[in-house]
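Beneath this line is the structure, given in structure tokens, with notes to follow.
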There are 2 protein chains.
Amino acid sequence: MNISKYILANICHPPEYGKVEFINHALIGLDRSGIIQFLLKPTDATYQEKLKQAKKEERLIAFDDSKLILPGFIDLHIHAPQWPQAGVALDSPLYDWLDNCTFPLESKYSNPEFSKEVYNNLVDTLLAHGTTTALYFASANKNTSLSLAKICAKKGQRAFIGKVVMDNPDQTPDYYRDESSQSALLETEDFCKEVEKLAQNTLQGIYPVITPRFIPSCTDSTLKNLGELAQTHNYYVQSHCSESDWEDSYVFNRFGKSDAEMLKSFGLLGPRSIMAHCVKLDTTGANIFAETGTSIAHCPISNAYFANSVLSVAKFQRLGINIGLGSDISGGFSPSIYDNLRQAVIVSRILEDGVDSSLPSEKRGKANSRITLAKAFWHATVGGGQALKLKLGLFKKDYSFDAQVIDLSTLPTYGGFDNQDSLWQKALYLTNSPSIKAVFVQGKKVYQNQL
Amino acid sequence: MNISKYILANICHPPEYGKVEFINHALIGLDRSGIIQFLLKPTDATYQEKLKQAKKEERLIAFDDSKLILPGFIDLHIHAPQWPQAGVALDSPLYDWLDNCTFPLESKYSNPEFSKEVYNNLVDTLLAHGTTTALYFASANKNTSLSLAKICAKKGQRAFIGKVVMDNPDQTPDYYRDESSQSALLETEDFCKEVEKLAQNTLQGIYPVITPRFIPSCTDSTLKNLGELAQTHNYYVQSHCSESDWEDSYVFNRFGKSDAEMLKSFGLLGPRSIMAHCVKLDTTGANIFAETGTSIAHCPISNAYFANSVLSVAKFQRLGINIGLGSDISGGFSPSIYDNLRQAVIVSRILEDGVDSSLPSEKRGKANSRITLAKAFWHATVGGGQALKLKLGLFKKDYSFDAQVIDLSTLPTYGGFDNQDSLWQKALYLTNSPSIKAVFVQGKKVYQNQL
């Protein structure tokens, strides 16, 4: 076994749904590609021998007890071109927000300089917030979407990127639309090939994603063509599904069927498909997701503004649907998966307890809806990895060493009061970017906090 | 008019409920006590003359266009001794959380060293998050509660502080309880006098607050005595009111009346009273609040964990009740009023839209419940000031110059895209402590970010 790097650190991860494991002084061996070859605890028989070897070979990176290493977070839904409007116009109705803010902004990504400026800043920001993997909606512009892929490749973030397809003249503005169904397909094919070419020279993986914006934005033929393209090449697919009352009823009105049924009929659902939001997914839709292995990207901050309801994470998890977390910049304002993980816990409790205090408690909410902090941690890590069919989110043999180094001394910790159980909870609830000292993707340091 | 300091800056504040004013290159004159004597816009007749004078007298503090000055935030509800458990055990039921976490922790504040360590760190943290005024629950220990007052006085934060009273043996543990109703009253009287003495040597104001923990923790005679004490001296009063299903039903079971009715009957409601949560306040209770001039400290993060429902800010605001925001450390995990301001917007939308996606939209939530970002800004500033009967939260003649300097260059801002309207929204939605470069209380710089 060829070990190129050893890590000695206090680590914490969610090995099972709802469980958190905290290991002091774990010794982790990585191969040349940054994949974990072993993880030893101090009580393991070969620990001392390996530690001696690591020191002798001068291949040991050791973190002291003021640091806690968490798995990198996975953002399963983020609109990269919307970064300049993060936090802006969230009081507007969806239509105003799309027509007067989002579409005009996204159309600016025909400009390569503006695109590079924004995308560089966004990827830096995500890494500084511990997001080691992101599934991006780029814009409808193929060339600058490629430039996002190049920026991620260069900065070392693992990225899944789609050129957005939107060709339905009824639901997209003249100035921001694919020219035709045919050109949308050709550009998507080109984009995927070019990303795959780029990916050959990256360690951490850069992947193309088939990305119909959502059913309303696309014509029938385009949806069908994209489904076939995805199936032919086994490409990843992302879109929005049953986000809101409006979207849900739009699809019913156009097809007489639900979003999930239509996405399936177009060949857009499967184990490599990730659908954002799904707040209005009904039982039929949920069964389709479970059967096809489609994952949900849960975006709890965004949902408060645009989804008209709360996703029942607990219910869908019980039905066997895999769920990760997304920031949904800029439907959500925060680039931080920490903020979304906290919000996932919060909204699950509001769903359980209900909102209308004039009702008796038993009529107010939906029982058994809350998720714990440990479960939210799992969705931010393992859930995202499972959605992307990669071994991510755990410190475990054959998993990628994607990690964020938390400086516990920046959090309110007190000797004699804190223990492992309080430390991981504080790390998840109180970490903001200044507490993240370094970030690794596949064993390579991609961010160092200069503070 | 004697001006001791001039500020030249781009400023932003909420002059009316729901409105935000953004003034470029405002010139603000402060007297020796840090009270605003004038605010001039570049178009005002005397602006150039005053600016010239300020420069000539070398009394000008000028901020460039990369900075935006916001009013300091007011935290209307925070349990200072609970800071070490921020973010911990929030998955526990209220009773576990109180009996196994909170009461044992608060009882440690008989230790002066531990108290000082925690309180120093907490006040530093709040200032670094832009909180210029805080209304604190300290602990039941009089001496270390006084030490919190001294720390605030020294660090320059405006503080309202209560020694917590809890003498009901049925609802408090043996190891953490006032010895008797009489000692609780005497210690409270002492505490108030000592804080008033301390306050004589502070510029920004340090105020004592009558603080029965909540009705369940106190005996009838204590509640009555504290009400009389407050009325005799016109002291501020704080407590919890109608926080949760449990609290609400406890008070009904004990007295056959609601929390609001009982607090009023004990003389604990009035224009200087601030009651935390009030999520379950009914129409009778709301009318009592409006008539007595009692304010609500809205703690939206905490409420998701412990209140079983959502406060209808919009409804109570329409009824004429004044509302500010509170972090409720550690029922809420975040020390940031920014986080609570954002959460206030989010939960108001969830209240309006409802949570159960299987219901039709018209049966799901409560219409007309959402509040805008501008309104949340008002609650974090002016609402807090009105609760405390001080001129806080605006840049306006006779108001205290309490301010936070936001470095817009740390936020994703783009020339040609951003304007005043997007900048203030980004400042409110995206600022975390690293973006706050300096904080002023009553004209005096109390925090400088060293990054």
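All values below were derived from every heavy atom in this structure, side-chain atoms included, with hydrogens, water molecules and symmetry-related copies excluded. Each chain gets a letter, A, B and so on, in the order its sequence line appears, and its residues count up from 1. Predicted model, so just to flag it, every value in this text is computed and none were measured.
- Neither the backbone nor the side chain of B:Q450 comes within contact range of chain A, judged by heavy atoms closer than 4.5 Å.
- Between B:P412 and A:L122, the closest side-chain pair of non-hydrogen atoms is not below 4.5 Å.
- For B:D356, the parts lying under 4.5 angstrom from a heavy atom of chain A are both the backbone and the side chain.
- Heavy-atom pairs under 4.5 Å with chain B were tallied for A:P434, A:S357, A:A86; the largest tally goes to A:S357.
- Of all heavy-atom pairs spanning A:Y414 and B:P84, the tightest one is CD1-CB, 3.6 Å.
- The part of B:L105 that comes within reach of chain A is its side chain, from C-beta onward, which places non-hydrogen atoms under 4.5 angstrom from that chain.
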Item checked: Test side-chain contact (heavy atoms from CB on, under 4.5 Å) applied to A:R364 and B:N308, step by step -> CA-CA 9 Å; A:R364 214 184 285 144; B:N308 312 123; 3.6 Å; yes
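- In terms of heavy-atom pairs under 4.5 angstrom with chain B, the leader among A:D353, A:D421, A:D248, A:D282 is A:D353.
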Item checked: side-chain contact (heavy atoms from CB on, under 4.5 Å) assessment of A:V355 paired with B:I350 -> CA-CA 8 Å; A:V355 291; B:I350 296 179; 4.0 Å; yes
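- Considering all non-hydrogen atoms of both residues, A:K108 and B:F417 come closest at CE-CD1, 4.2 Å.
- If you measure heavy-atom distances from A:E117 to chain B, the contacts under 4.5 Å come from both the backbone and the side chain.
- Residue B:L430 touches chain A through its side chain alone, counting heavy-atom pairs closer than 4.5 Å.
- Both the backbone and the side chain of A:V118 have a heavy atom closer than 4.5 Å to some heavy atom of chain B.
- Distance OG/B:S330 to NZ/A:K426: 9.5 Å, rounded to 0.5 Å.
- If you measure heavy-atom distances from A:S358 to chain B, the contacts under 4.5 Å come from the side chain alone.
- Between A:Y429 and B:V88, every side-chain heavy-atom pair lies at or beyond the 4.5 Å cut-off.
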Item checked: Steps toward side-chain contact (heavy atoms from CB on, under 4.5 Å) verdict (A:L90, B:L373) -> CA-CA 8 Å; A:L90 289 170; B:L373 183 64; over 6 Å; no
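- Separation of atoms CG (A:D339) and CD (B:Q343) is listed at 10.0 Å; rounding is to 0.5 Å.
- Contact of A:F114 with chain B is made through the side chain alone, with heavy-atom distances under 4.5 Å.
- Neither the backbone nor the side chain of A:E352 comes within contact range of chain B, judged by heavy atoms closer than 4.5 Å.
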Check: Could you walk me through whether B:F333 and A:I346 pass the side-chain contact (heavy atoms from CB on, under 4.5 Å) check?
Finding: CA-CA 11 Å; B:F333 54 79; A:I346 286 175; 4.1 Å; yes
